[in-house]
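First comes the structure, then the notes that go with it.
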Amino acid sequence: MSLDENVTIKSIECKILNGRKINVKATLQLEMSVYSNENVDIIRQINNIKDVQVLESNLNVNSLVGEGCSKTNAKDTIVIENIDNLAEILKVDISIVNKDIKISYNKVLGKADILVKMMYLTEDNRIKVVENKIPVMGFVDIENIDESNICDMKYKLKNMLVKPNSIEEHSVYVEIEVELYARVYENKDINLIEDLYSPSECLGFNQRCVNTMSNKCEIKNMCNIREKIMMPEIQGNEIYDVETKPVILSKNVTKGRVMYEGELELNFIFASSNTMGIQVKQMRLPFNFNVDSVEISQNMSIETELEIVNQDFIVSQDGQIETKIDLEFKLNMSNTIKINIIDEVNIDETRDRQIYSMVIYFVKPGDTLWAIAKRFRSTVQDIVRVNNIEDANKIYPGQQLFIPKYTYTRQEEIA
């Protein structure tokens, strides 16, 4: 089996012990799903029995073509201002943004930008922040795929190296290893035999249930958050950085809509009025957002990915902060359906000739013409013809039906 895992850091606590040790306590949230890929043989047609009756359905499923992973490196030099003599790197935040994929023959191309935000201390005790985007690109080889397929691509930061550049002054060397994992699906139409019987022969068959995926699609929607918050302690001080983390608290799926309740965890890092150091202030900004689409159904499996596309914080003189955050919702959706697969059809014994010529039957709740025909070893076509039924899918409880006897001749047994 294969495993999909997603690990999220929910909280971190740091304490200084005895003036010489730092105790770190972290809470992690793990989300995992396990799946298997199985090749299933489907019986499409029953030969050698001329009067076999089959109940068929047409399904569109998403069949896994293949999966694979690769690693790539992104390297760049981040330039700081010439007047800044770097004393220490205080903090580095890295995120992957602007993700894009392209499928060509036997390859998946993954492209993205690595957003690097670095806070550093200068030798004259000034705190500065610099941002840079590093493009990253990698290929994942998967056989038998083409541009008509559907691809899920996940990017994972594996290793990171950040150090002052020994060759070029006023710059920092950054090297990041990224793992690309791709899973590719194809849309496949299948004709499935759900049930079968023969009016003249007693057929036996095995039936097993298989889970598969259908209606796989992706939706992107932008949530624009505009709020004003009060922070009197920040009045007149410089904001060095704001760490923003979106969190989904609840998700409610109805037909055509997904309703989210969440919050933005804001970590303000700003200059201290009393000391030469910095202060940190945490705030939570609640939000509600709906994603509407005709493709959404209530029983869908929906994986939601959030990406901060843009953020801006404007501080007024009275300590009020105008917050502008653009948050992109990416919904990866699919249905899990159960299908019954019929195999190993055989003749158990020859049915005895029916002694009746016609049966009068009164429809019960939940009956279908298929079930009635199978029960009395007749056919749907004969029942429709004898009773002048216009629509074979519309019968109602209490309706009187004449069930004609099926006239048959002995057929050859299944080879």
Side-chain angles (χ1 to χ4, degrees), residues 8-16 22 24-29 80-81 84 88-95 97 115-122 124-133 220-252 258-291 304-330:
T8 305
I9 299 175
K10 301 297 291 183
S11 64
I12 294 180
E13 296 179 9
C14 299
K15 295 181 181 180
I16 299 177
I22 299 177
V24 180
K25 179 182 178 182
T27 302
L28 304 180
Q29 176 177 295
I80 63 176
E81 295 183 18
D84 293 342
E88 186 177 353
I89 298 174
L90 301 177
K91 183 170 72 76
V92 178
D93 293 324
I94 293 180
S95 58
V97 298
L115 177 61
V116 181
K117 183 185 291 186
M118 183 179 67
M119 180 184 295
Y120 62 93
L121 178 68
T122 66
D124 55 354
N125 288 323
R126 288 179 295 112
I127 296 175
K128 303 294 289 292
V129 176
V130 63
E131 285 188 16
N132 195 25
K133 286 183 179 179
K220 292 183 179 180
N221 220 319
M222 192 69 69
C223 173
N224 305 116
I225 300 174
R226 304 291 185 264
E227 295 286 345
K228 292 182 179 180
I229 55 180
M230 289 298 301
M231 285 184 61
E233 59 269 51
I234 211 170
Q235 183 176 353
N237 295 321
E238 180 183 359
I239 296 180
Y240 296 127
D241 188 22
V242 182
E243 298 172 344
T244 306
K245 179 183 177 182
V247 178
I248 295 175
L249 300 177
S250 67
K251 178 177 66 178
N252 185 26
V258 184
M259 294 171 284
Y260 292 95
E261 288 187 10
E263 62 183 17
L264 295 173
E265 296 180 357
L266 304 176
N267 200 26
F268 289 88
I269 303 173
F270 56 97
S272 174
S273 302
N274 303 323
T275 67
M276 295 296 293
I278 61 176
Q279 283 186 285
V280 177
K281 171 82 172 183
Q282 292 184 340
M283 298 194 70
R284 297 180 185 273
L285 192 62
F287 66 84
N288 293 282
F289 187 65
N290 298 334
V291 177
T304 307
E305 181 181 347
L306 303 180
E307 180 180 319
I308 297 174
V309 177
N310 182 53
Q311 65 177 22
D312 190 20
F313 302 91
I314 302 173
V315 183
S316 61
Q317 293 297 324
D318 59 356
Q320 187 180 71
I321 301 176
E322 185 178 351
T323 303
K324 298 180 180 180
I325 299 175
D326 297 326
L327 183 62
E328 183 180 65
F329 281 70
K330 178 182 174 183

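When reading the values below, keep in mind they use all heavy atoms of this one structure, side chains included, and skip hydrogens, waters and symmetry mates.
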Worksheet item: For K10 and L28, which heavy atoms make the closest approach, and how far apart are they?
Response: CG-C, 4.3 Å
Item to complete: Looking only at non-hydrogen atoms, find the nearest pair between F268 and I321 and report the distance.
Response: CE2-CD1, 3.8 Å
Donor-acceptor pairs under 3.5 angstrom involving side-chain atoms of residues 258-265: please list them, not counting sequence neighbours.
from, atom 1, to, atom 2, distance (Å)
Y260, OH, T304, OG1, 2.7
E263, OE2, R284, NH1, 2.8
E265, OE2, R284, NH1, 2.9

Item to complete: For L249, look at atom CG and say whether over 12 heavy atoms of other residues, nucleotides or ligands are found less than 6.0 Å away.
Response: yes
Discussion item. Can you give me the closest heavy-atom contact between I80 and M118, atom names plus distance?
Written reply: CG2-CE, 4.2 Å
Worksheet item: Of all heavy-atom pairs between F289 and M222, which one has the smallest distance, and what is that distance?
Response: CZ-O, 3.5 Å
Worksheet item: Tell me, do V309 and V97 make a side-chain contact under 4.5 Å, heavy atoms counted?
Response: no
Worksheet item: Hey, does K220 have a side-chain heavy atom less than 4.5 Å from the side chain of E328?
Response: yes
Discussion item. Quick check: closest heavy atoms across M119 and Y240, and the distance to 0.1 Å?
Written reply: CE-CB, 3.8 Å
Discussion item. Looking at every non-hydrogen atom in both residues, tell me the closest pair between I12 and I9 and how far apart they are.
Written reply: CG1-CG2, 3.6 Å
Worksheet item: Going by heavy atoms in the side chains, are I239 and I234 under 4.5 Å from each other?
Response: yes
Discussion item. Between D241 and K128, does any side-chain N to carboxylate O distance fall below 4.0 Å?
Written reply: no
Worksheet item: Between E81 and R126, does at least one N-O distance fall below 4.0 Å, as a salt bridge requires?
Response: no
